[in-house]
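The structure under discussion appears below in the form of structure tokens.
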Amino acid sequence: MTSEEKVQIALQLHALGVDVIEAGFPIASPDDFAAVKRIAVEVGNIVDEDGYVPVICGLSRARKPDIERAWDAVKFAKRPRVHTFIATSEIHMKDKLRMTPDQVVATAVECVSFAKSLGCTDIEFSPEDAGRSEPAFLYRILEAVIKAGATTLNIPDTTGWCMPPEFGKLIADIRTNTPGAEDVILSVHCQNDLGLSTANSLAGVHAGARQVECTINGIGERAGNASLEEVVMSLYLRGESHFGGLYTGIRPVHIAHGSKMVEEFSGLLVQPHKAIVGKNAFLHESGIHQDGMLKSSNTYEIMSPETIGLTRESEAGIRLGKLSGRNALAAKLEELGFKLDQNELQAIFNRFKILAEKKKEVTEEDLLALIGDEMSSPRTIWEVLDVQVVCGTMGMPTATIKMRGPDGMIRLQSAIGTGPVDAAYKAVDMIVCVPNQLVDYNISSVTDGIDALATTRVSIRPKENGTLENAQGRRAQRNFGGNGADSDIVVASVRAYVSALNKLITYLRVQQETAEELALESESGSMESVGR
């Protein structure tokens, strides 16, 4: 995701009422650092009338450079936090870290102490792979970091290995056997490898944890993390009866909008049967279910869609079509949670009118796709003006593309490919001239029917200079994603590809500027040394 997309999601998390926003891994790249810092400045200083302001947290490995970089990014927030971690399971210490238990404890204490010395008073510590760690060693390292200044202990089931009773017992045992645990907040972080992340998180809460690390739509490494909406609504509906009256500060009415935003920006589609936010979560197809719903919605629904901010399509107050004006569109967008300025509204309205000419009715899903396409677009460097393709069984697929470049000049190019999209992409490449590799291409329809709006998601990577360091310290290829929406799948595909190219070009420019700045600093330092 771009920095702008990350900020938009952080603002939505603020609207949700999230207590702690772990904004990113600042040392991963200059862009990640800038995004976390911007979130700390812009979101971490918004104070509601009731005094609510979220904690802005930066993630770091148990390394001093990581911790210092994280602190430099989050320290501008009213409530900054640094979260550092080191593995504690035997397999991780032996095969990954190649450190002894004593070395791991010493490193953890040193890093927590270092974070405190920087001026950070809110420090979270995680013993990675706690679910497979020896309990006695966990008690030892957790006691040590508490003494060093840790204020939150996050217990991760990093591989999704634990069963709910097992994980609940682990949290209870840590509370009982770790000196000082009563003075800090216990947190849980559960992966979903066996589909138990929400169940394990709730088991941890039942056993005394008071912070749950989770993600919207359950996105995350491998099979994902505990789903925010599942944890929140479980406590919302059953907190009083099964959790001793526990509750969260989340405002559920913002859940649906947050889910759609994350889906659009990340390109990770929500499965239709996903609990709470899936497309089918509030749909009833069975005749028996329909009969019950007509008599009382309580027969088959334990919550209403309105609780999470959804309105049933059959109950929508505005039907959007080709005769609808700007005011009707603006009202509908505001109903969906989007407040746009005049320029943003005009851009969406222009796309809306083109789509409305081709469809009898523009649905909420269509609008959300258009919004996602416009809002996730990077700063325009290359702009698509026209797309024309010729294809079929009687000749070679040919595409002609007209684009406006960063210099304002209009360029026209044609190319032949194995299909219309391939031909269009080759024509774009001939205009833009940025070597890249197409990593992923995905297309889907937003609604049913022959006139459905198509959404395309592509992922590309540069052919060189495209690696960054991840949280595990390994070098990995950096991918750049782009979204496109149009009733024509080729046009949608070209929009997505150019969007990804614009992000790639911006990244390459930043890399070049950073290299030039470092070269100048190095040259300046050499001259000062000679002068002395």
Side-chain angles (χ1 to χ4, degrees), residues 1 3 6 10 20-41 44 55-77 79-89 92-93 95-130 133 141-142 144-146 148-156 158 187 189 191 211 213 215 220-221 225 467-478 510-511 514 518:
M1 288 186 284
S3 294
K6 292 175 183 177
V20 182
I21 299 175
E22 192 165 280
F25 185 53
I27 204 168
S29 71
D31 185 62
D32 285 342
F33 175 84
V36 176
K37 181 178 179 181
R38 186 177 167 192
I39 290 170
V41 172
V55 172
I56 306 299
C57 178
L59 181 65
S60 71
R61 295 165 295 188
R63 296 173 62 235
K64 288 184 178 180
D66 285 39
I67 293 169
E68 188 168 14
R69 192 69 167 159
W71 174 245
D72 286 343
V74 302
K75 65 184 180 182
F76 301 97
R79 301 176 64 194
R81 172 184 293 187
V82 171
H83 179 186
T84 188
F85 65 92
I86 192 169
T88 55
S89 67
H92 275 247
M93 290 189 290
D95 295 337
K96 184 182 77 171
L97 298 179
R98 298 182 180 177
M99 296 169 65
T100 66
D102 288 345
Q103 290 174 322
V104 169
V105 172
T107 299
V109 169
E110 181 183 18
C111 289
V112 171
S113 298
F114 178 68
K116 188 175 181 180
S117 73
L118 295 175
C120 182
T121 58
D122 188 352
I123 303 167
E124 181 172 342
F125 173 78
S126 290
E128 186 186 10
D129 203 21
S133 298
I141 194 170
L142 293 176
V145 296
I146 290 172
T151 52
T152 297
L153 303 180
N154 180 56
I155 311 302
T158 304
S187 169
H189 174 115
Q191 298 290 137
Q211 174 180 292
E213 294 202 347
T215 60
E221 190 78 12
N225 294 291
T467 63
L468 55 83
E469 190 177 50
N470 62 21
Q472 285 72 44
R474 292 189 287 268
R475 302 297 295 182
Q477 281 284 348
R478 174 151 192 167
V510 171
Q511 292 288 89
T514 302
L518 290 174

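Worth saying up front: this structure is predicted, and the values here are computed from it rather than measured.
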Query raised in the report: Any side-chain heavy atom of Ile27 within less than 4.5 Å of one from Arg61?
Result: yes

Query raised in the report: About how many Å separate CD1 of Ile21 and CZ of Arg81, when rounded to the nearest 0.5 Å?
Result: 12.0 Å

Listed pairs under 3.5 Å, donor-acceptor, residues 103-115 side chains, sequence neighbours left out:
from, atom 1, to, atom 2, distance (Å)
Gln103, OE1, Thr100, N, 2.8
Gln103, OE1, Thr100, OG1, 3.4
Thr107, OG1, Gln103, O, 2.9
Glu110, OE2, Lys64, NZ, 3.3
Ser113, OG, Val109, O, 2.8

Query - Spatial distance of atom CG (Leu59) from atom CZ (Phe25) [nearest 0.5 Å] - result: 6.0 Å

Query - Ser89 backbone acceptor or donor facing Ser133 side chain under 3.5 Å - result: yes

Query raised in the report: Is there side-chain contact between Phe125 and Ile146, with heavy atoms separated by less than 4.5 Å?
Result: no

Requested in this report: Report the C-alpha distance between Ser126 and His83 in whole Å, list the side-chain angles of each, state the deciding distance to 0.1 Å, and finish with yes or no for side chain to side chain contact (heavy atoms under 4.5 Å, CB included).
Outcome: CA-CA 8 Å; Ser126 290; His83 179 186; 2.6 Å; yes

Requested in this report: Please list, chain by chain and in numerical order, all residues satisfying side chain to side chain contact (heavy atoms under 4.5 Å, CB included) with Asp72, sequence neighbours excluded.
Outcome: Phe33, Glu68, Lys75

Query - Closest non-hydrogen atom pair, Ala23 against Ile56 - result: CB-CG2, 4.3 Å

Report task. Identify the heavy atoms of Asn154 and Pro156 that sit nearest to each other, and give their distance. Result -> O-CD, 3.2 Å

Requested in this report: Taking the side chain as every heavy atom from C-beta outward, state whether Val145 and Leu153 have any pair of such atoms under 4.5 Å apart.
Outcome: yes

Query raised in the report: Considering only heavy atoms from C-beta outward, does the side chain of Ile155 approach that of Pro127 to under 4.5 Å?
Result: yes

**Report entry** Close side-chain approach of Glu22 and His189, heavy atoms under 4.5 Å
**Finding:** no

Query - Donor-acceptor contact below 3.5 Å, side chain Trp71 vs main chain Cys120 - result: no

**Report entry** Short side-chain donor-acceptor distance under 3.5 Å, Ser187 and Gln211
**Finding:** yes

Query raised in the report: Could you walk me through whether Glu124 and Glu213 pass the side chain to side chain contact (heavy atoms under 4.5 Å, CB included) check?
Result: CA-CA 12 Å; Glu124 181 172 342; Glu213 294 202 347; 2.5 Å; yes

Query raised in the report: Atom CE in Met1, atom CG in Asp32: separation rounded to 0.5 Å?
Result: 10.0 Å

Query raised in the report: Can Asp129 and Thr158 be counted as having a side-chain donor-acceptor contact under 3.5 angstrom?
Result: no

Query raised in the report: Does some side-chain heavy atom of Cys57 sit less than 4.5 Å from a side-chain heavy atom of Val74?
Result: no

Query raised in the report: Side chains of Lys116 and Ile123: closer than 4.5 Å at any heavy-atom pair?
Result: yes

Query raised in the report: Taking all non-hydrogen atoms of both residues, which atom of Gly220 and which atom of Asn225 are closest, and how far apart?
Result: CA-ND2, 3.3 Å

